[in-house]
Amino acid sequence: MDLANFVGVTVLPEYFQSESINGVLDHLERKAAATAVTTSPYVMEPGDSRTGYREPPVDAGAGKVRLLDRPLWGKRELWARTAPSFGPNLRLYRGLRYQPPMPDGLTAEQGPMVERFIQTARSRGLKVYLQVQAAIPPGYRVQFGEPELDDRPRLPDGSVPERRLSANGSLASPHIREYTHALIQDLCRQYPDIHGIRVDWPEYPPYLLDSIFLDFGRHARREAAVLGFDFDRIRRAAAELYRRLHGGLNDSVLTACAQAGSPGQALRRLASDSAGLVEWVHFKASMVESLHEGFRKTMDEAGAGHLELWSNAFPPPWNTLSGMDYRRVGRYSTAISVKLYTMHWPMMLRFYGDQLRQANPGISGSLLARALVRLFDISDDPAPDRLEDLYYPSPGERHPAGAEAQHRKIVQAQHDAGETPVYALAHGYGPAGDFRNRLETAMAASRHGCWINRYGYLNDEKLEIIGMVARRS
């Protein structure tokens with residue numbers, strides 16, 4: 001793989017449907033100096049709130065302030081419906097719990113555009129990838145899917161979290177794995193001209209506090225036995241820590257946690273069985289590694305051993321909580337894209353903080369805010385004095401994430417990944433000046449290159465910023 005001056009942009013199909021294939025590619029090449037693109041195997045059309053999904057997504061309500069920078073069919077927010085861009089090979093899915101959506105009139109009319117986009121981009125010398133969801137059947141896009149109740153990840157007490165941002169199923173579910181393997185085989189054969197597959201959320205996305213305490217369902221118990229872990233000990237250790245966080249915190253404990261240096265060290269200070277927690281972290285990492293091993297094996301068996309496998313990943317220290325051990329995943333992934341989705345970081349800390357303060361009404365909100373910002377290392381400046389100052393920024397607000405903190409995360413990820421290339425994955429959301437600063441940070445931190453998510457947040461000014469920064473880098 002040629003790693004020099006790599007600049008990739010995620011372009012979901014609705015944009016080349018709306019702007020035309022050559023219109024999008026002209027923008028990406030002439031303005032952004034892009035060398036790679038990612039798209040997904042679906043097509044879209046405007047819908048309504050009853051039958052469709054909001055674009056852009058609302059991120060559990062916190063992201064409802066988001067608007068598109070590039071109007072989609074003339075709108076900066078809309079409701080839309082989707083259909084697959086291809087007719088699935090049903091033989092691959094025979095007997096599986098999850099089945100692919102069937103092609104419809106939208107597929108027949110617009111679906112061939114995805115293949116034309118791939119071929120046209122390749123003819124221009126761009127590398128082309130398809131992005132799918134790792135554990136949300138049907139896997140075409142993050143918002144469009146829902147695992148059955150039996151396949152949802154569970155808390156240590158066996159319950160399903162009441163609130164979720166990610167619809168990821170259990171990574172240990174054989175039903176989800178079998179479906180995703182069938183999908184990957186299908187795509188490798190349907191779209192042989194791609195350079196590779198990118199998998200999103202191949203981990204346990206730690207957006208909410210409860211999301212960190214997954215997965216303790218029956219599928220995870222079976223996987224623990226296969227991998228050689230003491231599931232009952234792990235579950236007891238996690239349950240005890242969960243109870244401590246929900247009623248056992250005070251300001252002196254928060255102060256000690258803030259001085260620990262990392263979330264993992266802080267949690268071990270709170271646990272009576274710290275060795276059980278360490279085993280839990282290793283178990284999560286083993287599940288995530290096993291997931292990637294299955295993806296790579298599936299591609300190889302489908303005759304697509306030449307195709308690249310890329311993993312999108314949370315940055316340090318969240319990756320420890322999500323199960324994403326970069327070095328172990330790197331045994332199977334060609335490269336890892338580490339997300340600098342800086343608008344999410346204060347939102348996530350606010351989610352954690354609100355739940356902890358509600359469960360421990362005597363603790364200081366100011367101390368809690370400072371502890372969270374320090375432990376997750378999102379700022380170069382003094383932490384805010386109130387939890388209320390941690391929130392999802394509006395389209396015109398700079399992201400409250402320090403440049404040095406972002407740089408540290410990418411450098412740490414590359415160190416942990418060893419020989420596997422780590423690419424910074426920057427996000428286009430936010431004002432142009434702030435986007436430029438974050439992009440410069442991302443490109444300086446990663447010696448291999450940068451992905452930008454996603455075209456819908458990149459107006460012409462931002463596309464030109466990408467080109468200027470890329471050419472200078």
Side-chain angles (χ1 to χ4, degrees), residues 7-34 37-59 61-83 85 106-107 109-114 116-118 120-121 126 131 140-144 341-344 392-399 425-436 438-439 451-469:
V7 179
V9 179
T10 303
V11 184
L12 297 182
E14 54 267 28
Y15 273 98
F16 51 78
Q17 290 179 260
S18 175
E19 295 185 4
S20 82
I21 290 171
N22 284 315
V24 168
L25 292 175
D26 285 347
H27 281 145
L28 292 178
E29 285 194 297
R30 296 172 185 174
K31 291 185 171 69
V37 291
T38 288
T39 193
S40 289
Y42 70 87
V43 285
M44 180 183 285
E45 67 180 0
D48 57 52
S49 59
R50 182 178 58 84
T51 61
Y53 301 84
R54 183 185 186 266
E55 176 60 23
V58 297
D59 288 345
K64 60 187 177 183
V65 297
R66 284 210 287 195
L67 296 173
L68 297 167
D69 277 334
R70 301 196 74 84
L72 190 56
W73 292 298
K75 297 180 179 180
R76 295 189 66 192
E77 61 175 330
L78 74 160
W79 293 90
R81 65 169 290 269
T82 63
S85 59
L106 180 58
T107 305
E109 180 185 351
Q110 298 287 317
M113 287 191 72
V114 172
R116 291 202 299 273
F117 177 79
I118 292 169
T120 305
L126 296 170
Q131 179 165 299
Y140 300 161
R141 187 170 174 181
V142 62
Q143 299 98 312
F144 310 146
Y341 289 7
T342 47
M343 73 287 191
H344 284 168
Y392 201 117
S394 70
E397 290 181 286
R398 65 175 288 272
H399 296 185
L425 176 51
H427 205 288
Y429 175 71
D434 183 52
F435 169 70
R436 177 172 187 154
R438 291 185 281 109
L439 182 63
W451 280 98
I452 299 101
N453 196 57
R454 50 194 172 93
Y455 184 75
Y457 298 111
L458 302 175
N459 56 27
D460 286 354
E461 180 183 7
K462 289 181 184 177
L463 289 173
E464 290 170 353
I465 287 171
I466 295 170
M468 287 188 289
V469 174

Engineer: Could you measure the distance from the CG atom of Leu425 to the CH2 atom of Trp451? Nearest 0.5 Å is fine.
Structural biologist: 9.0 Å

Engineer: Within the structure provided, determine whether His344 and Tyr429 are in side-chain contact (heavy-atom separation under 4.5 Å).
Structural biologist: no

Engineer: Can a donor-acceptor pair be found, under 3.5 Å and without considering hydrogens, that links the side chain of Lys75 to the backbone of Leu68?
Structural biologist: no

Engineer: Spell out, as yes or no, whether a donor-acceptor pair under 3.5 Å connects the side chain of Thr82 to the backbone of Met44.
Structural biologist: no

Engineer: Mind checking what makes side-chain hydrogen bond (donor to acceptor under 3.5 Å, both in side chains) contact with Asn22, not counting sequence neighbours?
Structural biologist: Arg124

Engineer: Nearest 0.5 angstrom please: Arg454 CZ to Asp69 CG, how far?
Structural biologist: 11.0 Å

Engineer: According to side chain to side chain contact (heavy atoms under 4.5 Å, CB included), who are the partners of Arg30, at least two apart in sequence or on a separate chain?
Structural biologist: Asp26

Engineer: Kindly indicate whether the side chain of Arg436, heavy atoms from C-beta on, has any atom under 4.5 Å from the side chain of Met468.
Structural biologist: yes

Engineer: With side chains defined as the heavy atoms from C-beta onward, is the minimum distance between Ser18 and Trp73 less than 4.5 Å?
Structural biologist: yes

Engineer: Which pair of heavy atoms, one from Pro431 and one from Gly396, lies closest together, and at what distance?
Structural biologist: CG-O, 3.7 Å

Engineer: Any side-chain heavy atom of Ile452 within less than 4.5 Å of one from Phe435?
Structural biologist: yes

Engineer: Which heavy atom of Ser85 sits nearest a heavy atom of Thr107, and at what distance?
Structural biologist: C-CG2, 3.9 Å

Engineer: Just wondering, do Tyr42 and Glu14 contact through their side chains at under 4.5 Å, heavy atoms?
Structural biologist: yes

Engineer: So, Arg70 side chain and Leu458 main chain: donor-acceptor pair closer than 3.5 Å or not?
Structural biologist: yes

Engineer: Would you say the side chain of Tyr455 lies within less than 4.5 Å of the side chain of His27, judging by non-hydrogen atoms?
Structural biologist: yes

Engineer: So, for Val7 and Ala32, which heavy atoms are closest and what is the spacing to 0.1 Å?
Structural biologist: CG1-O, 4.2 Å

Engineer: Hey, are the side chains of Leu25 and Phe16 touching, using non-hydrogen atoms and a 4.5 Å cut-off?
Structural biologist: no

Engineer: Please find the pair of heavy atoms, one from Leu439 and one from Ala426, that lie closest to each other, and give the distance.
Structural biologist: CD1-CB, 4.5 Å

Engineer: Tell me, do Glu45 and Glu109 make a side-chain contact under 4.5 Å, heavy atoms counted?
Structural biologist: no

Engineer: Is there a donor-acceptor contact under 3.5 Å from the side chain of Arg438 to the main chain of His427?
Structural biologist: yes

Engineer: Could you report the tightest heavy-atom contact between Gln131 and Ser40, atom names first, then the distance?
Structural biologist: O-OG, 2.9 Å

Engineer: Please check: side-chain N/O of Gln17 versus main-chain N/O of Val43, any donor-acceptor pairing under 3.5 Å?
Structural biologist: no

Engineer: Is there a donor-acceptor contact under 3.5 Å from the side chain of Lys31 to the main chain of Asp460?
Structural biologist: no

